[in-house]
Amino acid sequence: MQHTRRFTRDEEGPWSQIEFESRESSIRNPDGRVIFSMNPVIVPASWSQVATDIIAQKYFRKAGVPAVTRRIPEAGVPDWLQRSEPDEEALSALPANERHVHEHDARQVFHRM
C-alpha cells in the first residue's frame, strides 16, 4: 500500500509546520494550594491552557523515561516513525541520577501514541 503525501514534504519531519511553545502547567485546589506543577511544558502554540494542563497531568510519563534512546531502523519505515530503545552504552556514561527523566514535550507523547 502506498500513500501520497498531501501536507508534508519528504525532507521535513511531521511537526515542522506546527509552532510549539513552552508554558507552565499548574493545577490548584479551590483553596489555592498547588496540587500539580510542571515547568516547562512544550505544546502546540494553538492549544488552550486547559489542553496544556491535561496533557501535562494525564499523559506525560513522570519518571522512568530513558534520557538517551536510539532508533531501530526498519525497512520501509520513515525515520520519524521508527521505534526507539534505550541506548544502554550512552546511558552508562551518564551519572545514575541523570539516566532517566520525565516527559515534558507534547511531541514525545505524540510519537509514543
Side-chain angles (χ1 to χ4, degrees):
M1 180 184 327
Q2 290 190 343
H3 296 278
T4 304
R5 285 180 179 266
R6 294 184 181 193
F7 302 106
T8 62
R9 293 189 204 108
D10 205 15
E11 65 275 0
E12 292 180 349
W15 317 118
S16 63
Q17 297 178 12
I18 299 173
E19 180 184 347
F20 285 80
E21 68 182 19
S22 180
R23 296 186 185 171
E24 180 178 355
S25 173
S26 62
I27 298 174
R28 298 177 182 271
N29 273 337
D31 66 4
R33 288 182 302 146
V34 175
I35 57 173
F36 173 82
S37 180
M38 183 180 276
N39 189 18
V41 175
I42 301 170
V43 295
S46 62
W47 280 20
S48 68
Q49 187 61 41
V50 171
T52 301
D53 294 339
I54 290 170
I55 196 169
Q57 183 182 19
K58 300 288 184 187
Y59 294 99
F60 284 167
R61 293 180 290 182
K62 308 297 188 287
V65 180
V68 184
T69 59
R70 64 181 186 91
R71 299 271 184 200
I72 307 299
E74 297 178 67
V77 178
D79 291 344
W80 63 270
L81 192 55
Q82 291 175 355
R83 64 188 177 94
S84 57
E85 68 180 8
D87 186 338
E88 298 297 339
E89 184 177 326
L91 287 171
S92 65
L94 293 174
N97 63 338
E98 294 178 14
R99 292 180 186 164
H100 293 88
V101 296
H102 66 275
E103 291 177 328
H104 66 277
D105 192 326
R107 290 169 284 205
Q108 293 170 299
V109 175
F110 300 157
H111 182 73
R112 182 166 35 94
M113 295 186 162

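To the nearest 0.5 Å, the span separating OG on Ser26 from CG on Asp53 amounts to 6.5 Å. Here Leu81 contributes atom CG and Arg71 contributes atom CZ; the two are 8.5 Å apart, rounded to the nearest 0.5 Å. For the atom pair Asn29 CG and Arg33 CZ, the distance stands at 5.0 Å (nearest 0.5 Å). Distance CD/Glu21 to OG/Ser46: 9.0 Å, rounded to 0.5 Å. One finds the CD1 atom of Ile18 at 9.5 Å from the CH2 atom of Trp47 (value rounded to the nearest 0.5 Å). Atoms CD1 and OG, from Ile54 and Ser25 in turn, are 9.5 Å apart once rounded to the nearest 0.5 Å.
Under a hydrophobic clustering in which Ile, Leu, Val, Met, Phe, Trp and Tyr are joined whenever their side-chain heavy atoms come within less than 4.5 Å, directly or via other members, Val50 and Phe60 fall into the same cluster.
Between Ala106 and Phe20, the shortest heavy-atom distance links the atoms CB-CE2, 4.4 Å. In terms of heavy-atom proximity, Ile42 sits nearest to Arg107 at CG2-NH2, 3.5 Å. The minimum heavy-atom distance linking Glu74 with Arg83 is given by the pair OE2-CG, 3.6 Å. The two atoms that bring Pro44 and Arg23 nearest to each other are O-NH2, 3.9 Å, heavy atoms only.
No side-chain donor-acceptor contact under 3.5 Å links Arg99 to the backbone of Val68.
Within 6.0 Å of CD on Glu19 lie no more than 12 heavy atoms contributed by other residues, nucleotides or ligands.
Applying the salt bridge (charged side-chain N to carboxylate O under 4.0 Å, His left out) criterion to Glu24, with sequence neighbours excluded, gives no partner residue.
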